[in-house]
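Some notes on the structure that comes next.
None of these values were measured; they are calculated from a predicted model.
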Amino acid sequence: MKIVFATNNEHKLSEIRAILGPKFEVVSLADIGCHEDIPETGATLEENALMKAEYIYDKYHLSCFADDTGLEVEALNGAPGVYSARYASLESVATESQQTLSHDSEANMARLLRELENNNNRKARFRTVIALIQKKDVCPCGCTSIKLIHKFEGIVNGEIIREKRGGEGFGYDPIFQPEGYTETFAELGADIKNKISHRARAVAKLAEFLRATP
């Protein structure tokens, strides 16, 4: 089964392809010739995931899915949340138009550790939302189709440690220790992470749905 994943992030593509396995041919935005920046202006992970999937479906008329992931820290009232990928760039600006929407993982981690420096409540969770849009023909010749939308969620609980550990993974992986483990995501390695992560749990639900769909 061929399906578009609305990303060019190689880390995400590798994770998704490994989790879905050889039964699914997951192609990237670059593979379908999409090189523009897709808007991600939603106030929630759900809104962003659906916004990206609908952009691809409406322009390319292909079945596709998109995800958005946020790190939600209890002591920060759920922040950085939907702004996780650009958390550091929001620290000293006032309006959306002034934001430098960079994805600087080191700066993001530094800000988060700074904000939690004197806080003993380190509880956090990663949450991934996947929006899937399927193109379904409603007649044998394929002249008419409908758009079906489905959403899937994956959550992994854990805590933010006080110093970075590990050299694998990406994003906040070096400072996130999942519940039940003594290692961070960056120490556990891709094989273990792909079995227990938030994205793995959301993708498992996606894969189960796709396998059961005629």
Side-chain angles (χ1 to χ4, degrees), residues 7 9 11-12 15 37-52 66-131 151-190 192-203 205:
T7 188
N9 185 307
H11 293 293
K12 286 186 177 183
E15 282 190 359
D37 290 329
I38 301 176
E40 295 182 59
T41 55
T44 66
L45 301 178
E46 289 81 1
E47 288 177 7
N48 274 347
L50 184 57
M51 189 179 297
K52 289 185 282 187
D67 79 319
D68 201 19
T69 293
L71 175 64
E72 300 172 342
V73 179
E74 184 174 277
L76 302 178
N77 299 314
V82 71
Y83 304 110
S84 294
R86 45 196 162 111
Y87 195 44
S89 69
L90 308 184
E91 190 168 17
S92 59
V93 295
T95 67
E96 181 74 20
S97 62
Q98 294 173 310
Q99 293 168 10
T100 303
L101 303 183
S102 60
H103 289 57
D104 188 332
S105 295
E106 292 297 323
N108 289 337
M109 285 189 287
R111 177 183 178 182
L112 185 60
L113 290 175
R114 197 161 56 243
E115 291 181 337
L116 288 177
E117 186 175 7
N118 298 315
N119 200 316
N120 290 324
N121 180 4
R122 318 291 291 192
K123 291 181 181 178
R125 69 176 188 174
F126 268 118
R127 187 165 71 93
T128 290
V129 175
I130 292 175
K151 293 181 183 177
F152 310 90
E153 181 185 66
I155 294 172
V156 60
N157 293 309
E159 63 179 30
I160 303 300
I161 62 172
R162 296 182 182 275
E163 295 180 347
K164 294 186 298 180
R165 296 202 317 256
E168 296 193 43
F170 59 100
Y172 295 90
D173 285 357
I175 60 172
F176 182 81
Q177 183 174 297
E179 196 170 76
Y181 291 82
T182 58
E183 299 90 1
T184 66
F185 269 161
E187 292 175 306
L188 288 170
I192 295 177
K193 182 187 173 184
N194 285 346
K195 293 176 182 176
I196 68 169
S197 76
H198 45 295
R199 187 170 290 111
R201 292 172 180 178
V203 173
K205 295 176 183 177

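- Partners of N120 under the side-chain hydrogen bond (donor to acceptor under 3.5 Å, both in side chains) rule, at least two apart in sequence or in another chain, are R162.
- A search for side-chain hydrogen bond (donor to acceptor under 3.5 Å, both in side chains) contacts involving E74 returns N121, not counting sequence neighbours.
- With sequence neighbours excluded, the residues satisfying side-chain contact (heavy atoms from CB on, under 4.5 Å) with A110 are R114.
- Evaluation of the salt bridge (Lys or Arg N to Asp or Glu O under 4.0 Å) rule for E168 yields no partner, not counting sequence neighbours.
- Applying the salt bridge (Lys or Arg N to Asp or Glu O under 4.0 Å) test to K151 and every residue at least two apart in sequence or in another chain returns nothing.
- Remark: K195 pairs with no residue by the salt bridge (Lys or Arg N to Asp or Glu O under 4.0 Å) rule, at least two apart or across chains.
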Could you pull out all donor-acceptor pairs under 3.5 Å where a side-chain atom in residues 170-181 meets a protein atom, sequence neighbours excluded?
unit_1	atom_1	unit_2	atom_2	d
Y172	OH	S84	O	2.7
D173	OD1	K193	NZ	3.4
D173	OD2	F170	N	3.0
D173	OD2	K193	NZ	2.6
Q177	OE1	R165	NH2	3.2
Q177	NE2	Y181	O	3.1

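- In this structure, N119 has no side-chain hydrogen bond (donor to acceptor under 3.5 Å, both in side chains) partners at least two apart in sequence or on a different chain.
- Annotation for E40 and N48: closest pair C-OD1, 3.2 Å, computed over non-hydrogen atoms.
- Considering only residues two or more places apart in sequence or on other chains, T128 meets the side-chain hydrogen bond (donor to acceptor under 3.5 Å, both in side chains) condition with T69.
- R199 pairs by the salt bridge (Lys or Arg N to Asp or Glu O under 4.0 Å) definition with E15, D67, not counting sequence neighbours.
- Qualifying side-chain contact (heavy atoms from CB on, under 4.5 Å) partners for E117, counting only residues two or more places apart in sequence or in other chains: none.
- Here the closest heavy-atom approach between residue E187 and residue T182 is recorded as OE1-O, 4.4 Å.
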